[in-house]
Amino acid sequence: MNKTDYNLANKKWDEDYFLSVRPEVLGMWHTGREVDLDDAVQYHLAMPRMKNTGRILAKAKEEGRTCVAFRGGVATKEGQIELLQFLQDQGADLLPATCDSYTRNLRFSDVEKGIEESIKKGYSVLNGYPGVNLGVAGNRSVVESVRLPVTCKHGSVDGRLLAEVTFAGGMTDFNGGGICFNVVYCKDVPLDVSLKNWQYVDRLIGYYAERGVIINREESGALTGTLVPPCISLSIGIIEALLAAEQGVVSMDISYGQGGNLLQDIAAIRCLNVLGDKWLKKMGYNDMVLTSKFDQWMGAFPYDETSAYGVLVLGAATAALGGAQQTIVKSPQEAMGVPTKEANAGGIRATKQAIGMMTNQKLGIEVPGIEEEMDLITQEVNAIINTVYDMGEGDLAIGVVRAFESGVLDVPFAPSVRNIGLAMPVRDDRGALRFLDFGNLPIPEKIKKIHRKKLDARAKKYGKPVDFNRVVEDIYGISKGYLVQ
Amino acid sequence: MNKTDYNLANKKWDEDYFLSVRPEVLGMWHTGREVDLDDAVQYHLAMPRMKNTGRILAKAKEEGRTCVAFRGGVATKEGQIELLQFLQDQGADLLPATCDSYTRNLRFSDVEKGIEESIKKGYSVLNGYPGVNLGVAGNRSVVESVRLPVTCKHGSVDGRLLAEVTFAGGMTDFNGGGICFNVVYCKDVPLDVSLKNWQYVDRLIGYYAERGVIINREESGALTGTLVPPCISLSIGIIEALLAAEQGVVSMDISYGQGGNLLQDIAAIRCLNVLGDKWLKKMGYNDMVLTSKFDQWMGAFPYDETSAYGVLVLGAATAALGGAQQTIVKSPQEAMGVPTKEANAGGIRATKQAIGMMTNQKLGIEVPGIEEEMDLITQEVNAIINTVYDMGEGDLAIGVVRAFESGVLDVPFAPSVRNIGLAMPVRDDRGALRFLDFGNLPIPEKIKKIHRKKLDARAKKYGKPVDFNRVVEDIYGISKGYLVQ
Amino acid sequence: MKKNRIVMGVIGSDIHVVGNKIIHYALRQAGYQVTNLGIFNSQENFINAAKETNADAILVSSLYGHAEIDCEGMKQKCVEAGLGDVLLYVGGNLMVGKHSDEEIITRFKGMGFDRVGLPTDMPENIIAWLEEDLGGKSETSNTAD
Amino acid sequence: MKKNRIVMGVIGSDIHVVGNKIIHYALRQAGYQVTNLGIFNSQENFINAAKETNADAILVSSLYGHAEIDCEGMKQKCVEAGLGDVLLYVGGNLMVGKHSDEEIITRFKGMGFDRVGLPTDMPENIIAWLEEDLGGKSETSNTAD
Ligand code: B12
Ligand code: B12
């Protein structure tokens, strides 16, 4: 939304206003003209009831099951179909169409060249799926080729056209958010711009919802994937859910990425549902079905494929023990480059095995270590979200903009200059993620003390001062075969 | 020991008696004549101090570290050296020489043919390492080719000559036991025969110990590897430790095989050390350093290699979380056949990764579920061992013979007709191993009730009666991707 | 008379008995009359038991990797003993190391076995083979054996 | 004057910045004067910054898989801008999919890069390369930059 008179506020867009903005969005590339909302609604209503991400996740929540999903996208329709059919057969529960970087950056004519070249060369020169350029019909032919629902994954700060085209194309899930896809995927985009873009996407989903079509919003709480402590992921995830709920989104999953400490990770997964539901209710959003997603380790992976299985199987087990509704699988080739479909299949099968063995063994608050972590996370997240509301004088969207300016929201290792970058994470003696520096995060003093105590324990146990050198070590740790040393 | 006037009793053999039996043992195959105990003691004393399994395990216990070991043996010296050097480089902490089935059955002339044919054909036609036939010098050249200590693994009910030759050959660890290697590896050998054979082995180790040479005894508590509940493994392991201690063994590890339920497995690992130490002390054996070993899932594996990683990585994580001093790695090719050395390396590297990430996160009695399981295991094991002592009127060895006759000791799925085979295990609602039928195990009634309650919970949860059909399902479960269904 | 008499067991110095016990249980449930020799059997054990019980099929298990050696010439011995018409099955982990399914099946069919079972073969499908090869589904009975 | 002026950054539409931050930290600790352009840089950004700061080396990072496209012709542009003598390094996950290390290194050396870093290359060894190529170890200082 480049020029608009609508000022940022956390308030549901009038349908009229929303419809008045659409033509500009649909005009960004010629495939936008193919989108007809009435037809799209009818198309979705005619799809099999359970070929819907939101419904599958809601059912998983009911049954205590963990669905297996992955990332993957290639430049051609045929290639994507082949990939998805193959991995559907390998046991995936949810399918992706992960978009390429040009699509993310709205460089649709470059995409066009990429598609042509990919067809000519016989392999994908794009690093993902060109969701916009394939148009409504193209997306539908992908969606129709498989039994399972398809999620549009990307990292675009402006996913408006992508949402329009892929929803009309039959996809039932869209990932990202105005916060996570700004600070993690941009260099210098103002927060209000990205938040407005996502209000559009959320309002579009709300429009479908009002007509009986559930499109799920998948938030990306793993963020930079690099030592992100639970309170950061959860605060942002819950805020994105609150913002989405306001625009009428009724199905959403928020997420957290494997940190490596089992009890902390389980606590974080448990808090996704518990805290998220609490905040939605507190703010009066009673219609949203909130589910939880757990990303297998998103940071640097070991280069060796079998060691990589070590990492991702632990992630799978954690997801099941914590009762996440979904886990996003890494492949054994994560450290090397975009995985082959066989490598993705390996990740899926190993994950299915671990989930199958762990799903009846859920752990929760009855474990003292998990209870303690849940308590810490709850206090931290509440402190952060309350401060954000305060800064916005009750308006959450405005609060977010101000919170990033001041560092009340702060994502470690984010590339954006809009992110203050003062908070610095590091592992404690058991490998749990704490803060070396809290920056301006509004964490209560008594909790800061607990973090410091745990870092002292690390310093004592390993005989090395806990300073920035430990942060560097921790960034590499898992890729070298350890959590904390 | 086929003919002897020495009646079975749990009493340390006089050195004279021991030495008088030796010639018969050494005469079983010509390489026995190469064994010279004085020379062997000198050879061991000259070896690097830490090239010793017992010392490495004792250090691991002190440091809270989990060593990685595996199984592997081929028909030729050169082949074995290549295997061990390769896997030493891949990160193993302890090395094996797993013997072939002919060696186990004392068919040394068949072994001779097997070695010749293996050399001729260029691949191993024996399913293991011919420890006896290679002689003292042969074993020494294997031991000297590597940096790490070597364990002689086998499944022989009469490992006396094998022990003599491999100890003189420089190996510092010997696995098995008079109970575990009888009922699991024989069809019809009387318990007193196998117990006497192992008294010989233990007395030989004691002889070395008296001269300052530590040879470790590694018990095989995973037994049939198929749904063996902790109380069976632990009772037998602790009894074998008590019997070994009597003959002068000062370093021993007892073991338990992954069952699949995380909390039960951790509880079992914890109990290995805690209960084992308690019984040794109680019976007045204060010199033994007891360590714990955790076998990765010993039952049927998934055929698919990546799913197999799922199973073995969970095993690795469990070993580290439970604080076992050693884990025995499975390979991703377990279900197919004897693994290639690359497959073994894969298992080792994935295991190292998982241990590296979990080693600082140990869980124990502070977790209520673990405490409850430890309590159950403790009561069950104490009941069994006390009954065995009672049956032997204070003599443990005699107690063991009578306990097997009556089913007070009973190993599920054992092939031996000397094992009564009435106790039948099955999983509960969380996949923990319980008894469908206790047979004649002397388990207190109040504990039997707890088992039954947990099986009722399974029946209710899955809507299927818990009967022998569930046992069959559970045998296949992990190989098909689940623990309990 | 229905063809439902089975002799089964594990051959050689092999102690793997779990599959043996499970197949035994399933066959019994499916109404077969089973003579289970357990572990540690020679070819002669199987042949003698088959003669004594007038068996319709012999089921040989081998898991430990020595099946090729242990089963060599077994079909011929059966023929010599007048058991040429008795079905001869083998199954388990038949070869040392990783081999393709086809390779294993071809090898053992070549040795005269009518059916070759792999670790992925469930009792149900072994029974289905028997029913196919012995002609007609046998009545289910829990009292047999 | 010691050769220790570095221009570094991530090229193209790539947002992977962790390696960039870590290398920056290590270079600074090792006494280099670093101009870090962050993410989203064109070839021109690097060249202009190198001219302005009179840089001794340019370190280009690319992780997201488009390095071949993004780096095409960069060496030539450097030469044209009179920076033919400035060291030119590239590193990261340089190609889409799984390729052998040699293949990647050969490909990018062929494009005129003096050193090609892989994800397994640690900051220490990048610094070792710089010291070798720039001649002589630079003094350690924490105040530089
Ligand atoms: C459990 C097990 C053990 C237990 C056995 C306990 C017992 N009492 O049975 C223990 C731990 C004691 C053990 C010991 C050994 N084992 Co073991 N073991 C296994 C394991 C993990 C599972 C076997 C099992 O119980 N499967 C479940 C049952 C239900 O299935 P099954 O036996 O395969 O039977 C099914 C099919 O094969 C088929 N089938 C079987 N028989 C028949 C017959 C017919 C006619 C037909 C049609 C079908 C059929 O149908 C059955 C039902 O579905 C396998 C590997 C695997 N599969 O995962 C290794 C395995 C069989 N063992 C192996 C080896 C080498 C050994 C040892 C020699 C070495 C050692 N570790 O010490 C010793 C054996 C010593 C000896 N003299 O035999 C190897 C064999 C190698 C090979 N063939 O190339 C395997 C494959 C493991 C490996 N990859 O190395 N083992
Ligand atoms: C963390 C991560 C992310 C984070 C990035 C957070 C951030 N702010 O940086 C998030 C989750 C946001 C992310 C997003 C994406 N990622 Co990413 N990511 C990774 C991951 C897991 C680790 C990267 C990392 O931080 N490593 C740790 C740092 C310290 O090491 P490094 O960056 O490699 O740098 C070292 C070396 O490479 C070398 N080096 C680096 N630069 C230079 C320069 C010179 C001159 C020299 C000599 C050496 C050198 O030295 C450094 C220090 O040791 C890698 C896979 C892996 N390696 O395990 C994938 C990976 C790089 N990502 C990948 C992809 C495809 C993406 C996405 C396009 C797709 C997606 N998942 O949405 C988006 C990117 C969108 C975009 N426009 O760029 C691919 C790249 C594919 C390829 N090259 O073929 C990888 C390889 C994963 C994979 N297998 O698919 N990613």
Side-chain angles (χ1 to χ4, degrees), chain B residues 74-75 100-107 110 113-114 117 123-128 155-157 181 183-188 224-227 299-305 331-340 342-343 412-417 419 421 468-469 471-473 475-476 479-480, chain C residues 8-30 36-42 45 61-70 72 91-104 107 117-127 140 142:
Chain B
V74 295
D100 69 282
S101 294
Y102 290 142
T103 296
R104 292 160 190 235
N105 296 305
L106 313 181
R107 290 163 59 180
D110 288 334
K113 279 183 241 149
E117 211 173 320
Y123 63 85
S124 187
V125 302
L126 294 176
N127 64 0
S156 183
V157 72
F181 277 5
V183 295
V184 175
Y185 288 98
C186 300
K187 183 166 188 169
D188 191 7
T224 55
T226 304
L227 310 180
F301 249 68
Y303 219 64
D304 167 51
E305 295 194 29
S331 98
Q333 292 176 358
E334 172 64 16
M336 296 172 203
V338 176
T340 59
E342 289 74 22
F413 308 110
S416 172
V417 300
N419 184 77
F468 191 74
N469 291 303
V471 180
V472 175
E473 269 177 28
I475 287 173
Y476 290 113
S479 74
K480 294 183 175 172
Chain C
M8 66 180 294
V10 185
I11 199 165
S13 315
D14 188 347
I15 55 82
H16 292 92
V17 80
V18 178
N20 170 277
K21 285 184 196 277
I22 298 296
I23 296 174
H24 183 178
Y25 175 78
L27 287 174
R28 214 167 50 187
Q29 283 221 323
N36 189 350
L37 306 173
I39 63 167
F40 285 2
N41 294 289
S42 61
N45 285 158
S61 290
S62 175
L63 275 287
Y64 73 149
H66 288 186
E68 277 186 272
I69 308 174
D70 293 337
E72 215 185 302
N93 283 87
L94 296 174
M95 291 173 73
V96 176
K98 189 180 167 180
H99 296 269
S100 76
D101 292 357
E102 301 83 64
E103 187 188 342
I104 299 170
R107 177 90 46 122
L118 302 171
T120 37
D121 285 313
M122 292 296 109
E124 304 86 81
N125 72 289
I126 299 169
I127 290 173
T140 301
N142 285 316

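We use all heavy atoms of the structure for the numbers below, so side chains are in, but hydrogens, waters and symmetry mates are not. Keep in mind it's a predicted model, so treat the numbers as computed, not measured. Convention: sequence-line order gives letters A, B, ...; per-chain numbering from 1.
- For C:E72, the CD atom sits in a loose shell: 12 or fewer heavy atoms of surrounding residues, nucleotides or ligands are nearer than 6.0 Å.
- Across C:L63, C:V18, C:D14, the residue that shares the most heavy-atom pairs under 4.5 angstrom with chain B is C:V18.
- Residue B:A300: no heavy atom, backbone or side chain, is found under 4.5 Å from chain C.
- Nearest heavy-atom pair, B:A335 versus C:P119, reported as atom, atom and distance to 0.1 Å: O-CG, 3.9 Å.
- Closest of all the heavy-atom pairs between B:G337 and C:N93 is N-ND2, 4.1 Å.
- Proximity to chain C is absent for every atom of B:R104, based on heavy atoms less than 4.5 angstrom apart.
- Closest non-hydrogen pair, B:N469 versus C:Q29, comes out as OD1-OE1, 3.9 Å.
- The two residues B:C186 and C:I15 have their closest heavy-atom pair at N-CG2, 4.4 Å.
- Rounded to the nearest 0.5 angstrom, C:N41 CG and B:K187 NZ are separated by 4.5 Å.
- Scanning both residues, C:V17 and B:A414, for their nearest heavy atoms gives CG1-C, 4.2 Å.
- Atoms CE and CG, on B:M336 and C:D101 in that order, are 9.0 Å from each other to the nearest 0.5 Å.
- If you measure heavy-atom distances from B:N127 to chain C, the contacts under 4.5 Å come from both the backbone and the side chain.
- At a 4.5 Å heavy-atom cutoff, the contact between B:F413 and chain C is made by backbone and side-chain atoms alike.
- Only the side chain of B:E305 comes within less than 4.5 Å of a heavy atom in chain C; its backbone stays farther off.
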So B:Y476 and C:I22, side-chain contact (heavy atoms from CB on, under 4.5 Å) or not? Walk me through it. CA-CA 10 Å; B:Y476 290 113; C:I22 298 296; 3.7 Å; yes

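- At a threshold of 4.5 Å between non-hydrogen side-chain atoms, the residues B:V471 and C:Y25 do not count as touching.
- Within the 4.5 Å cutoff, the side chain of B:D100 has no heavy atoms near those of the C:Y64 side chain.
- To the nearest 0.5 Å, atoms CD1 (C:I69) and NZ (B:K113) are separated by 10.0 Å.
- B:T226 touches chain C through its side chain: at least one heavy atom from C-beta onward sits under 4.5 Å away, while N, CA, C and O do not.
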